[in-house]
Amino acid sequence: MVSGQVLLFVLALCFALAAGLVGCIALMKRMLLAGDVISHLALPGLGLAFAFKVNPVMGGAATLFLGTFLVWQLQKKTDLATEAAIGVVFAAALAIGAAITPSEDLAESLFGVLENISPSGFLLGMAAVLFVVFSVFLLRDQLALSIFSTDLAAATGVNTVRLDLYFLLLFSLTILVGLRFMGALLASSLIIMPSATARQITNKLPHFFTLAVAASVISVAAGFLLNVFVFKFSTAGPTIAIFSAGLFGLTLLGRAK
């Protein structure tokens with residue numbers, strides 16, 4: 001019987017793969033900062049889940065996807081830029097989450113926790129990862145065209161408004177998988193930093209995606225191992241984020257030479 005810790009580690013590595021892919025698209029769509037804010041939308045749901053003693057992932061999912069849909073509606077109906085719409089929802093989500101989350105559970109909500117994962121939870125997480133990867137593959141041409149020119153994409157029949165919603169939902173689903181061990185505060189770090197790291201190294205699109213995924217997976221593996229053998233925190237989120245930031249710093253040093 002495979003232990004829950006091993007299952008969590010495998011799921012984290014798969015999450016890293018999906019996060020690397022989604023991060024590359026987010027960077028090209030200039031949505032990386034927005035991604036950092038989206039992960040905070042789960043905080044009110046996590047707080048309610050802890051308060052009412054239900055599954056935190058289910059609570060986080062509810063407010064994460066509700067907030068994502070609200071962001072899309074604000075962007076579509078008020079002509080706000082994506083960043084502005086997300087900023088409005090983020091401020092409200094963070095305030096509500098901080099207010100309703102029990103103080104003893106606040107650290108777990110923000111930074112995640114290393115705990116055994118059940119086989120059913122593992123399978124659900126893997127299904128979410130596979131769905132994200134498969135969806136990115138199916139939508140790759142439409143996404144590439146909309147990144148290049150939204151007008152050209154619309155002229156060729158691409159519904160860019162709906163495509164934005166699809167990508168935001170994929171973004172949120174990726175965040176949701178990482179909530180368990182990264183928390184609402186750090187779940188987006190593997191979407192932001194690996195893609196930024198890869199962008200410092202190459203301008204070639206295939207290499208960009210490959211390097212971003214590699215940096216994300218390496219950060220998770222190294223973060224987990226550092227946490228087990230060195231830091232021994234209750235969660236691997238901080239060590240994963242620190243290692244990922246270190247990789248980005250090395251690329252900056254390399255470009256400076």
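This structure is a prediction, so every number in the text was calculated from the model and none was measured. Computed over heavy atoms, backbone and side chain alike; hydrogens, waters and symmetry mates excluded.
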So, for Ser146 and Leu163, which heavy atoms are closest and what is the spacing to 0.1 Å? OG-CD2, 3.6 Å
Any idea which heavy atoms bring Pro194 and Ser189 closest together, and the distance? CD-O, 3.5 Å
Working to the nearest 0.5 angstrom, can you tell me the gap between [X] [atom1] and [Y] [atom2]?
| X | Y | atom1 | atom2 | result |
| --- | --- | --- | --- | --- |
| Met126 | Phe131 | CE | CZ | 15.0 Å |
| Leu21 | Ser135 | CG | OG | 11.5 Å |
| Leu7 | Leu123 | CG | CG | 8.5 Å |
| Gln200 | Leu253 | CD | CG | 11.0 Å |
| Asp151 | Leu145 | CG | CG | 10.5 Å |
| Asp164 | Lys29 | CG | NZ | 4.5 Å |

Within a strict 4.5 Å, meaning less than it, do heavy atoms of the [X] and [Y] side chains meet?
| X | Y | answer |
| --- | --- | --- |
| Ile25 | Phe171 | no |
| Gln142 | Tyr166 | no |
| Phe208 | Leu205 | yes |
| Phe122 | Leu8 | no |
| Thr210 | Thr202 | no |
| Thr174 | Phe15 | yes |

Is there a chain of hydrophobic side chains (I, L, V, M, F, W, Y, each step under 4.5 Å between heavy atoms) that links Ile147 to Val136? yes
Transitive ILVMFWY side-chain link Met58 to Ile117, under 4.5 Å: no
Evaluate Leu165 against Phe69 for side-chain contact (heavy atoms from CB on, under 4.5 Å), listing each step before the verdict. CA-CA 7 Å; Leu165 175 61; Phe69 186 76; 4.3 Å; yes
Tell me if a side-chain donor or acceptor on [X] pairs with a main-chain N or O of [Y] at a distance below 3.5 Å.
| X | Y | value |
| --- | --- | --- |
| Thr156 | Leu152 | yes |
| Ser188 | Ile191 | no |
| Ser219 | Ala215 | yes |
| Thr251 | Phe248 | yes |

Qualifying residues under side chain to side chain donor-acceptor pair (under 3.5 Å), relative to Ser172, sequence neighbours excluded: Thr68
Hey, is CZ on Arg162 packed in by over 12 heavy atoms from elsewhere, all under 6.0 Å? no
